[in-house]
**Student:** 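Below you'll find the structure I mean.
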Amino acid sequence: MNDIKVAVLGSEGVGKSALIVRFLTRRFIGEYASSSECIYRKRMSIDGKQLNLELYDPCSQPCEGKSTLNEQIHWADGFVVVYDISDRSSFLTAKAIVHLIRELHLGGSKRDADSVIFLVGNKQDLCHMREVDREEGQKLASEGRCQFYELSAAEHYQEVVLMFSKIVRNASLGGKAKERRRRPSGSKSMAKLINNVFGKRRKSV
Ligand SMILES: Nc1nc2c(ncn2[C@@H]2O[C@H](COP(=O)(O)OP(=O)(O)OP(=O)(O)O)[C@@H](O)[C@H]2O)c(=O)[nH]1
């Protein structure tokens, strides 16, 4: 069975865990405990083919055995690079990550980029606090040859599912899954995910 590895990257508090949890459990969790990096596993069927998805959720805090961004990029077949539309600095971080992925993962070539790097402007429901215009996101996506989405983990379940399903499909077609790379860290089961959800620390928007 095919293994597909997708890393969800971006600066602290942009909603990486919220997007993953929304995709895996259908629920939006306002506060989420994330004191360690982890990998969630899900068995999926795409175009009638079974595959094992591994979703990497990094930890923004310093933590033991934390992998570097370079390791995370080498490990993954596909990338969801997230920023918060109400936080300009998170957009600048996303820009740097997109450029690094292009350099390290794709060797600067045009090959596969638009299908395996998705740029996501999250928290669209906070558009009254917007600091990053949609056009800026689109421009970065076209410069970095990424697919662009603006959505809200809080309000857009269908869009979140479509986005993840699409990157998994693209990564599985991209042929990058062929060479197995080292995992950035330990993995986490769905039970652990649920524990995190209920044993959470408070975060504010
Ligand atoms: N309004 C709004 N808040 C959101 C959305 N997505 C996430 N949040 C909130 O943003 C905060 C951070 O979300 P997380 O999912 O923990 O962000 P993260 O990127 O995983 O953060 P780190 O684990 O610290 O790197 C939480 O308070 C979430 O409730 C969204 O779409 N809209």
Side-chain angles (χ1 to χ4, degrees), residues 6-42 53-73 75-76 78-98 100-101 117-134 137 148-164 167 184-188 190 192-205:
V6 173
V8 182
L9 305 174
S11 52
E12 184 177 352
V14 293
K16 300 179 295 296
S17 304
L19 285 164
I20 293 173
V21 170
R22 188 69 145 146
F23 172 58
L24 295 176
T25 71
R26 302 177 73 102
R27 303 172 59 192
F28 174 69
I29 309 293
E31 296 88 29
Y32 186 81
S34 53
S35 55
S36 63
E37 57 183 357
C38 53
I39 294 171
Y40 299 107
R41 292 205 166 85
K42 181 181 170 69
L53 169 64
E54 293 190 355
L55 268 179
Y56 173 68
D57 183 4
C59 172
S60 301
Q61 324 293 325
C63 56
E64 207 180 318
K66 189 171 157 69
S67 60
T68 64
L69 184 56
N70 284 17
E71 284 171 333
Q72 295 157 16
I73 290 171
W75 169 84
F79 306 89
V80 177
V81 181
V82 187
Y83 66 92
D84 169 354
I85 66 151
S86 66
D87 175 5
R88 171 152 291 278
S89 71
S90 73
F91 181 67
L92 300 178
T93 303
K95 191 173 193 167
I97 294 173
V98 165
L100 193 61
I101 295 170
I117 310 176
F118 283 18
L119 178 67
V120 174
N122 187 35
K123 307 196 188 181
Q124 201 190 37
D125 55 296
L126 300 182
C127 57
H128 52 287
M129 294 159 66
R130 184 186 279 278
E131 289 186 2
V132 185
D133 289 336
R134 187 184 176 89
F148 178 65
Y149 292 82
E150 227 189 48
L151 46 74
S152 162
E155 293 187 351
H156 300 154
Y157 171 68
Q158 292 297 345
E159 284 85 344
V160 171
V161 171
L162 276 174
M163 185 272 293
F164 276 111
I167 194 157
S185 75
S187 65
K188 218 170 235 186
M190 189 62 80
K192 191 77 182 280
L193 170 63
I194 302 295
N195 282 344
N196 271 2
V197 166
F198 292 108
K200 60 205 178 221
R201 68 180 155 85
R202 283 207 72 80
K203 281 186 177 181
S204 55
V205 185

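Since the model is a prediction, treat every value here as computed from it, not as a measurement. Just so you know, ligand 1 is whichever comes first in the structure, and atom 1 is the first atom listed for that ligand. For reference, positions follow the sequence shown, starting with 1.
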**Student:** Between atom CD of Gln158 and atom CZ of Arg26, what is the distance when rounded to the nearest 0.5 Å?
**Tutor:** 7.0 Å
**Student:** Using a strict cut-off of 4.0 Å, indicate which atoms of ligand 1 neighbour a heavy atom of Ser152.
**Tutor:** 31 (O)
**Student:** Ignoring angles and geometry beyond distance, decide whether Asp57 reaches within less than 3.5 Å of ligand 1 through its nitrogen or oxygen atoms.
**Tutor:** no
**Student:** Distance from Thr93 atom OG1 to Leu9 atom CG, nearest 0.5 Å?
**Tutor:** 11.5 Å
**Student:** For the backbone of Asp84 and the side chain of Ser90, can you confirm whether one donor and one acceptor N or O come within less than 3.5 Å of each other?
**Tutor:** yes
**Student:** Below 4.0 Å from any atom of ligand 1, is there a heavy atom belonging to Gly13?
**Tutor:** yes
**Student:** Donor-acceptor pair, Asn122 side chain versus Val82 backbone, under 3.5 Å?
**Tutor:** no
**Student:** Evaluate Gly15 for polar contact with ligand 1, using N/O atom pairs at a separation under 3.5 Å.
**Tutor:** yes
**Student:** Go through ligand 1 atom by atom and flag the ones less than 4.0 Å from a non-hydrogen atom of Ala154.
**Tutor:** 30 (C), 31 (O), 32 (N)
**Student:** So which heavy atom on Ala94 is nearest to which on Tyr83, and how close?
**Tutor:** CB-CB, 4.0 Å
**Student:** Within a distance under 4.0 Å of any heavy atom of Asp125, pick out the atoms of ligand 1 and give their elements.
**Tutor:** 1 (N), 2 (C), 30 (C), 31 (O), 32 (N)
**Student:** Report the distance from atom OG of Ser11 to atom CG of Leu92, rounding to the nearest 0.5 Å.
**Tutor:** 9.0 Å
**Student:** Counting each atom of ligand 1 from 1 as listed, which ones have a heavy atom of Ala153 under 4.0 Å away?
**Tutor:** 6 (N), 31 (O)
**Student:** Mind checking whether Lys123 has an N or O less than 3.5 Å away from an N or O of ligand 1?
**Tutor:** yes
**Student:** Looking at Phe164, is Lys42 sitting on its ring face, NZ or CZ under 6.0 Å from the six-membered ring centre and within 45 degrees of the normal?
**Tutor:** no
**Student:** Is it the side chain (CB and beyond), the backbone, both or neither of Val82 that lies under 4.0 Å from ligand 1, heavy atoms counted?
**Tutor:** neither
**Student:** What part of Leu126 sits under 4.0 Å from ligand 1 if we count only heavy atoms: the side chain, the backbone, both or neither?
**Tutor:** side chain
**Student:** Would you give the length of the straight line joining atom CG of Leu119 to atom CD1 of Ile97, rounded to the nearest 0.5 angstrom?
**Tutor:** 10.0 Å
**Student:** Counting only nitrogen or oxygen atoms and a 3.5 angstrom limit, does Ala18 reach ligand 1?
**Tutor:** yes
**Student:** Is it the case that ligand 1 has an N or O less than 3.5 angstrom from some N or O of Glu12?
**Tutor:** no
**Student:** Looking at every non-hydrogen atom in both residues, tell me the closest pair between Arg88 and Glu131 and how far apart they are.
**Tutor:** N-OE1, 2.8 Å
**Student:** Can you check whether Val14 has an N/O within less than 3.5 Å of an N/O in ligand 1?
**Tutor:** yes
